[in-house]
Amino acid sequence: MSTIAQKRGFASTIWDYLTTVDHKKIAILYLIAGGIFFLMGGIEAMMIRAQLAVPNNDFVSAGLYNELLTMHGTTMIFLAAMPLLLGFMNAVMPLQIGARDVAFPFVNALGFWLFFFGGLFLNLSWFLGGAPDAGWTSYASLSLASEGHGIDFYALGLQISGFGTLMGGINFLVTIINMRAPGMTYMRMPLFTWTTFVASALILFAFPPLTASIFMLSFDRMFGANFFNVAAGGNTIIWEHFFWIFGHPEVYILILPAFGIFSEIFSTFSRKRLFGYSSMVFATVLIGFLGFMVWAHHMFTVGLGPVANAIFAVATMAIAVPTGIKIFNWLLTIWGGSIKFTVPMLYAVAFIPSFVAGGVTGIMQAVAPADYQYHDTYFIVAHFHYVIVGGVVFALLAGVHFYWPKMFGTMLSEKIGKFTFVFFFIGFHLTFFIQHFLGLMGMPRRVWTFLPGQGLDAGNLISSIGAAFMAIGVILLLLNVVITSVKNERVGNDPWEDGRTLEWAIPSPPPFYNFKQLPLVRGLDAYWLEKMEGKTTLTPAEPIGDIHMPNGSFTPFVISLGLFIAAFGAMYHVDDKAWAIPVLIGGLAITFGAMAYRSIKDDHGFHIHKEDLMDDDNEDKGVKA
Amino acid sequence: MKDRLTKWRLLSVFAVLALVLSGCGEPFLSTLKPAGAVAKQQYDLMILSTIIMVLVIAVVTVIFVLAITRFRRKKGEENKIPKQVEGSHLLEIIWTVIPIILLLILAVPTVAATFEQANVKEMDKKPNKDGVRDALVVNVRANLYWWEFEYPDYKVITSQELVVPTDQKVYFNLISSDVKHSFWIPAAGGKMDTNTDNVNKFWLEFDGAKAQEANNLFYGKCAELCGPSHALMDFKVETKSQDDFKKWLSAMQSAKAASPTDTAAAQGQKLFEQNCLSCHAVSPDDARPEQARLAPNLATFGERSRVAGILDHNEEELKNWIRDPEKYKPGNKMSGTYKQLNEQELDQLAAYLMSLKVEEQ
């Protein structure tokens, strides 16, 4: 990388990241921003568990508690889990399909900055009069009754970050459809790419209902519309439908990429191709499809009537079938393999019992009459933490360890990683297993405190102790990141030695153009196939030639900043502030101005010349050695 | 690593056992101690689904443990390349068909119970010439942090403590007057939301024998986040035999506004009329429309088991509550709607409120 990328100063590195359109750098941005939000959501969780450790506690006030639970849920789903997964998709998916970047690098950067400013806006609520307090579901009657600007922060913040996510989803769809390397047919795509594909399709269909309903909520609160105002002919149940038509697929948007990461890890560290690859693909698509058919199981107690409840109960049970297929395929993947217990593999192995436990309680909830008991209790809290922590967060932690060398060129310490795993795994089960019973014993969820003498004291204390274990695990992970970065021991292309897919055939981190020559893909697990034939590099599909690359751009940042500013105007307009409308208009002017600038000014990118690539060749060899 | 994992798993098994042995929660609160037909049916479904799911978990665990123990990469196997298996149609069919069968076993009772528990036809049957239906109907109205229970056929209204007869179906009309809440008596059956948009209907039944185990007093909860004091929106359910319930109803119907003999209480009544009566009614036959019934009906206050649904029922706690409701139920609608009372006035008011009784007059 001699001529193009040199050592830079700190300021120029910042500028580089502010303007980058490189999917690998955007992945790092997602990882940093998502990681920070993950820590914030974690701190909120710790405060929740501290408050509930003993009955009648007054560690936090009732109002603050509701803000904490709302922000914990909203942050973890929208600002931590999803962006972190988008980060891995960005980092890995283009490499897995043998592409030089995503289809729309500019839009990719725009997606990140929209997410970032949306999340920033939402979290500024803590300092500007109070955070949202109506739960991450923000049910309409309560969210309209909520005082202050908390819900406005929720609506506008999620609206902005939602645009970003939607753009990301569309971008990945186009990338996977159009930019696969020669020979990379759909049925040769690695499973992480497949799950990215299906999750992106889910984003495409699930986010518009959210966008529409949040618009209605914003207009109700800020401009006096009456979509959800019952007294004026509105309806609050429709919010619940909209929210869950988005909200249920959202769960699969999170879990499918997690499945993808685990599929890669299982087959890598068992040294076996994925068992039943085509049925895995089929199951992924089917889960994605069925994910849209079951939203009303979140609403069994709303009073939809027995016909709707029965239909949605049975439809929900149906999802168990493809999910079961996946579990058994993973089991058969490691069966007969040569299992190496690295840190990512530990998470993958721990994922199976944890996720199965979360999955079966999901089936139990599909039994509608029994769900009348479970609904809105700690049983539900336990269930969704089992699937989201035991599934998604385990996948994120596994992914961090697994892809760290590919993203940063150095490996996280396996030793510290194992300690992280032990603390997190024990803490997770300690925290959430007992919550099933708390729910069954009559503890509703989202309660600020509970009275003594109801048989709930011991369970809550155990749960809070477990949370502390998880916190220790996360702190160890942070330490690991710091120590690893300081040591900075460089690694080669395939640091796990058993890499199977294309990303492990190129240097770590990859050069900014990824593949000097697009590879020829000759089957599933393309790199593994080459290795088995004794080769160390991929078969090229083209001669070395000039590579066309996009220029960096500051415009995505400016477009997002404009919306960020406009959101303040929209929000404070309610308080009759004179400056509100000008700020709203000014912010929108910045956004549309930047968009116009982008449309009018031609940017053809640049070419990396053949000769420079030849020069690079020598340096790459140095890295490999 | 593996050994450590198995040890931890053993430990969690013991933890579960300990929990099971220590009981399944309190009989007045726990869904695991069902005290009525609805709760029992739901409990049976829980058990059925749990058995099926434990079966699934057992199968997965056996395969899982065998796989991770048998196929570890051992020393000297660093270069071993296992056979690359594509898949197996037979296995795929097995693990698709068996779950489908298991789900069918679960789906049939699920659908049946869903329809049975939604059957409220009795509510719509014609009333007799006095306007009384055969079915006992209670209108539940949820409000920011209190509950109103109206027996429409008997023109009786009470609050915070629902009184029901045992061993007969009780039908509920549920609605909310501000934001969405959810009406839940865990020991008697699952919850149903009180929407702002529409009236929801369902039924519950309270088993006489089980009710005795719970001292004829069940806990009820709000199960939908409704604001700061959501956690404190409790109510109580008092169960009576069918005869006692009839007596209670007629006592409620014939109850007259209390006229205290005690001087302190008489003073308290005056204070109450000046400060509280515009929201709180003191007789069970409140004829005002529900929009005007802004606060809990206090006709039976002296007989309740809790002040404001959460505090112990004595004069001291009552005075604490009136002194500063915000301290006990943040965000309630009572704070600041009446004048500041001095200690003597508080004593008088408490004496009056505690004298409000229907049954023991």
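Below, chains carry the letters A, B, ... as their sequence lines are ordered, and counting in each starts from 1. Reckoned from all heavy atoms, side chains included, excluding hydrogens, waters and symmetry mates.
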Atom group of [X] that falls short of 4.5 Å from chain B, counting heavy atoms:
X: A/A313; answer: side chain
X: A/A231; answer: neither
X: A/D498; answer: side chain
X: A/F328; answer: both
X: A/A366; answer: backbone
X: A/W528; answer: side chain
X: A/V447; answer: both
X: A/L274; answer: backbone
X: A/F269; answer: backbone
X: A/E240; answer: side chain
X: A/S278; answer: neither
X: A/L142; answer: both
X: A/V314; answer: side chain
X: A/V356; answer: side chain

Quick one: of [options], who has the most non-hydrogen atom pairs under 4.5 Å with chain A?
options: B/E77, B/Q117, B/E92, B/K80; value: B/E92
options: B/V60, B/V111, B/D44; value: B/V60
options: B/K221, B/H89, B/K329; value: B/K221
options: B/K191, B/E26, B/M233; value: B/K191
options: B/L45, B/I52, B/V85; value: B/V85
options: B/G189, B/P99, B/S229; value: B/G189

Over-ring placement of B/K201 relative to B/F172, 6.0 Å and 45° cut-offs: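 Negative - B/K201 is either too far from the ring of B/F172 or too far off its axis.
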Nearest-0.5 Å distance that lies between atom CG in A/L331 and atom CZ in A/F275: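 Answer rounded to 0.5 Å: 10.5 Å.
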Euclidean distance, A/F312 CZ relative to A/L304 CG, rounded to 0.5 Å: 8.0 Å
ring-ring contact (aromatic ring centres under 6.0 Å, His included) assessment of A/F425 paired with A/H429: CA-CA 6 Å; A/F425 180 79; A/H429 285 283; 4.7 Å; yes
Given a strict heavy-atom distance threshold of 4.5 Å, which part of [X] is in contact with chain A: side chain, backbone, both, or neither?
X: B/A231; result: both
X: B/S88; result: both
X: B/K83; result: backbone
X: B/Y43; result: neither
X: B/I98; result: neither
X: B/F202; result: neither
X: B/L144; result: neither

Looking only at heavy atoms and a cut-off of under 4.5 Å, which of [options] has the most pairs with chain B?
options: A/I334, A/I237, A/T137; answer: A/I237
options: A/A62, A/G336, A/A357, A/G453; answer: A/G336
options: A/T333, A/L69, A/L440, A/V230; answer: A/L440
options: A/T377, A/N329, A/I327, A/L524; answer: A/N329
options: A/A368, A/G337, A/A370; answer: A/G337

Flag yes if more than 12 heavy atoms outside [X] fall under 6.0 Å of its [atom1] atom; otherwise flag no.
X: A/E147; atom1: CD; value: no
X: B/F115; atom1: CZ; value: yes
X: B/E86; atom1: CD; value: no
X: B/K74; atom1: NZ; value: yes

Under 3.5 Å donor-acceptor, A/K272 side chain and A/L332 backbone: yes
Donor-acceptor contact present, side-chain B/Q42 to main-chain A/P369, <3.5 Å: yes
Any donor-acceptor N or O pair under 3.5 Å, side chains A/N309, A/Y372: yes
Between [X] and [Y], what is the shortest heavy-atom contact and its length?
X: B/S49; Y: A/Y374; result: OG-OH, 4.3 Å
X: B/G190; Y: B/W184; result: C-CD1, 3.8 Å
X: A/P55; Y: A/D457; result: CG-OD2, 3.6 Å
X: A/R273; Y: A/R500; result: N-NH2, 3.0 Å

side-chain hydrogen bond (donor to acceptor under 3.5 Å, both in side chains), paired with A/T236, selected from B/D197, B/N195, B/N198: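 That would be B/D197; it is the only one of B/D197, B/N195, B/N198 passing the side-chain hydrogen bond (donor to acceptor under 3.5 Å, both in side chains) with A/T236.
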Close side-chain approach of A/T361 to A/F379, heavy-atom, < 4.5 Å: yes
Side chains of B/Y145 and B/P228 in contact at under 4.5 Å (non-hydrogen atoms): yes
